[in-house]
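Side chains included, hydrogens not; waters and symmetry mates left out as well; all remaining heavy atoms used. Because the structure is a prediction, the values reported are computed rather than measured.
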Amino acid sequence: MIQTRQTIDDKSCQPGSESSFSPPSSINPFTPLCKTNHMGLSKEQLLARLKELEIDFSQYDHPVVLTVEAQAKYVGHLGGGLSKNLFLKDKKSRFYIVSTLADTKVDLKVLSVRLGLGKGGLRMAPEEALGEILQVPLGSVTPLSLVNESARNVSLLLDHRFKSQKFCFFHPLSNDMSISLTTNGLDKFLKSIERDPSYVDLEANPSVGKDQPPDLASLVPSSSVVLPDPPETAASSKVPTENKVSVSNKSTKSAASTSKPSVSATKSQDKPANITDVGKLVDDLLESTSSLLLKEITEKNFKEHGEGLGEELSKKIKSQLAAELHNTVMIFKNTAYTEGFHAGMHCHPKHSY
């Protein structure tokens, strides 16, 4: 069995030195998941499990990537197939992972009909579901996430074109690494968690009618998934108490469900800005620009710069706002990337999405 680890830096985009993968000795890859907080396996635990199962794989460290195109920059030159993974939800809160080669074209309307859900029966799953069910951060959807107990009711549809590849690349629960697996290796892993691999021609568009039932109906999950409430709901339930308003149990629930905006405003005071609110971010940036612009448009500057005032203002705005804009946008990027994942790491009262 050959397992290789390669580190790929952001500058060269080339594999680094090769070495054997040895999982930390403290990791037991078959430790049951905690049923109280539903914490998922780590990347290291998953790799240890693959080794325990004697599944051949090679691993490649690289910077965090959010798209297949970005991933291709680091492993695309190694041959094999890049995988594109969609996390979907139907109207009855049943969830699906659709894993395909990067160039496979999937029509969600056609797929929905083939599953017996009717047109428009599928949509992208919300970020809350990504963190709570698959237990992975944004950009890390992978068939391997079915190892987590929280994903036991998620259906998996695999592209039959995977079988034409020598090996394929998947993220091992984290998008700062890619691992190569053969379909035999992937199948062995899925069977170890009591999953029967289902390879499907995802570009097909068979007729569905009275005498031709949906060909993929058997892949629809048998039950929906119930998710914990997001943190805002738990916090909002405290609002009536803090305001010392006497209400019944029924009205308390109503207040909790309608007071989210005010809770969000309260929570934003704990941060430099309400950094996940795009509208607020844009307003703040425009306000900063406007304030600086108005400050510089004075009679003195008109006389001093004349027709060159516009160019002078442009230089000052770039000079004074560059650092602020850079920091704000970077904070927004990092927060948007991680908040949906980390918010799902604690158990809360459940509700159905």
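A cation-pi arrangement is found for Lys163 relative to Tyr199, the charged atom lying closer than 6.0 Å to the ring centre and inside a 45° cone about the ring normal.
When hydrophobic clusters are built by joining Ile, Leu, Val, Met, Phe, Trp and Tyr residues whose side-chain heavy atoms come closer than 4.5 Å, directly or via intermediates, Leu86 is not grouped with Leu66. Residues Leu122 and Val208 fall into different hydrophobic clusters, defined by Ile, Leu, Val, Met, Phe, Trp and Tyr side chains chained together at heavy-atom separations under 4.5 Å. Leu157 and Leu186 are not part of a single hydrophobic cluster, where members link through side-chain heavy atoms under 4.5 Å apart. The same ILVMFWY cluster, assembled from side-chain heavy atoms under 4.5 Å apart, contains both Ile179 and Ile55. Residues Leu46 and Val154 are members of one and the same hydrophobic cluster, defined by side-chain heavy-atom contacts under 4.5 angstrom among Ile, Leu, Val, Met, Phe, Trp and Tyr.
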Practice item. Before giving the answer on side-chain contact (heavy atoms from CB on, under 4.5 Å), spell out for Lys91 and Leu117 the whole-Å C-alpha distance, their side-chain angles and the decisive distance to 0.1 Å. Key: CA-CA 8 Å; Lys91 294 179 180 179; Leu117 306 175; over 6 Å; no
Exercise for review: Please test Met177 against Leu47 for side-chain contact (heavy atoms from CB on, under 4.5 Å), starting from the C-alpha separation and ending with a verdict.
Suggested key: CA-CA 11 Å; Met177 178 186 287; Leu47 296 177; 3.9 Å; yes
Exercise for review: Decide side-chain contact (heavy atoms from CB on, under 4.5 Å) for Val220 and Arg94; before the verdict, give the C-alpha distance in whole Å, the side-chain angles of both, and the deciding distance to 0.1 Å.
Suggested key: CA-CA 8 Å; Val220 174; Arg94 296 172 298 200; 3.6 Å; yes
Exercise for review: Begin with the C-alpha distance, continue with both residues' side-chain angles, and end with the deciding distance and a verdict on side-chain contact (heavy atoms from CB on, under 4.5 Å) for Arg114 and Val200.
Suggested key: CA-CA 11 Å; Arg114 294 178 66 188; Val200 177; 3.8 Å; yes
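Scanning for ring-ring contact (aromatic ring centres under 6.0 Å, His included) contacts around Phe189 gives an empty result, with sequence neighbours left out. In this view, Gln165 and Leu101, Cys168 satisfy the side chain to side chain contact (heavy atoms under 4.5 Å, CB included) rule, not counting sequence neighbours. Looking at residues two or more places apart in sequence or on another chain, you find a ring-ring contact (aromatic ring centres under 6.0 Å, His included) between Phe87 and Phe95. Annotation: salt bridge (Lys or Arg N to Asp or Glu O under 4.0 Å) contacts of Asp196 (sequence neighbours excluded): none.
In this structure the side chain of Arg195 never reaches within 4.5 angstrom of the side chain of Pro143, judged on heavy atoms. The closest side-chain heavy-atom distance from Tyr96 to Lys89 is not below 4.5 Å.
When atom types are taken as modelled, the side chain of Thr142 and the backbone of Leu173 share no donor-acceptor pair closer than 3.5 angstrom. Counting only distance, with no hydrogens or angles, the side chain of His171 and the backbone of Val141 share no donor-acceptor pair below 3.5 Å. Checking side-chain atoms of Gln135 against main-chain N and O of Glu132 turns up a donor-acceptor pair under 3.5 Å. At least one donor-acceptor pair under 3.5 Å links the side chain of Asn175 to the backbone N or O of Val65.
With rounding to the nearest 0.5 Å, the separation of NZ in Lys188 from CG in Leu181 is 12.0 Å. To the nearest 0.5 angstrom, Lys51 atom NZ is 12.0 Å from Asp56 atom CG. Residue Ile97 holds its CD1 atom at 9.5 Å from CG of Leu158, rounded to the nearest 0.5 Å. We find the CD-CG distance between Glu69 and Leu82 to be 9.5 Å, quoted to the nearest 0.5 Å. Between the CZ atom of Phe57 and the CZ atom of Phe167 there is a distance of 14.5 Å, given to the nearest 0.5 Å. How far CG of Leu156 is from CG of Leu190: 6.0 Å, rounded to the nearest 0.5 Å.
Residue pairs satisfying the ring-ring contact (aromatic ring centres under 6.0 Å, His included) criterion with at least one member in residues 106-164, sequence neighbours excluded, are listed as follows: Phe162-Phe170.
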Distance-only criterion, 3.5 Å: show the donor-acceptor pairs between side-chain atoms of residues 105-113 and protein atoms not counting sequence neighbours.
| residue | atom | partner | partner atom | Å |
| --- | --- | --- | --- | --- |
| Asp107 | OD1 | Lys109 | N | 2.9 |
| Asp107 | OD1 | Val110 | N | 3.3 |
| Ser112 | OG | Gly118 | O | 2.3 |
| Ser112 | OG | Gly121 | N | 3.0 |

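A donor-acceptor contact closer than 3.5 angstrom is absent between the side chains of Asn148 and Ser150. For the residue pair Ser83/Asn85, the side-chain donor-acceptor check at 3.5 Å is satisfied. No side-chain donor-acceptor contact under 3.5 Å links Gln59 and Ser178.
A salt bridge links Glu149 with Arg152: at least one charged nitrogen is closer than 4.0 Å to a carboxylate oxygen. A salt bridge links Arg161 with Asp103: at least one charged nitrogen is closer than 4.0 Å to a carboxylate oxygen. Ion pairing between Arg123 and Asp90 fails under the 4.0 Å rule for side-chain N and carboxylate O.
Under the 30°/60° scheme for interplanar angles, the aromatic rings of Tyr74 and His62 are found to lie parallel.
Of all heavy-atom pairs spanning Phe169 and Gly79, the tightest one is CE1-O, 3.1 Å. Smallest separation of non-hydrogen atoms from Gln212 and Ser207: OE1-CB, 3.3 Å.
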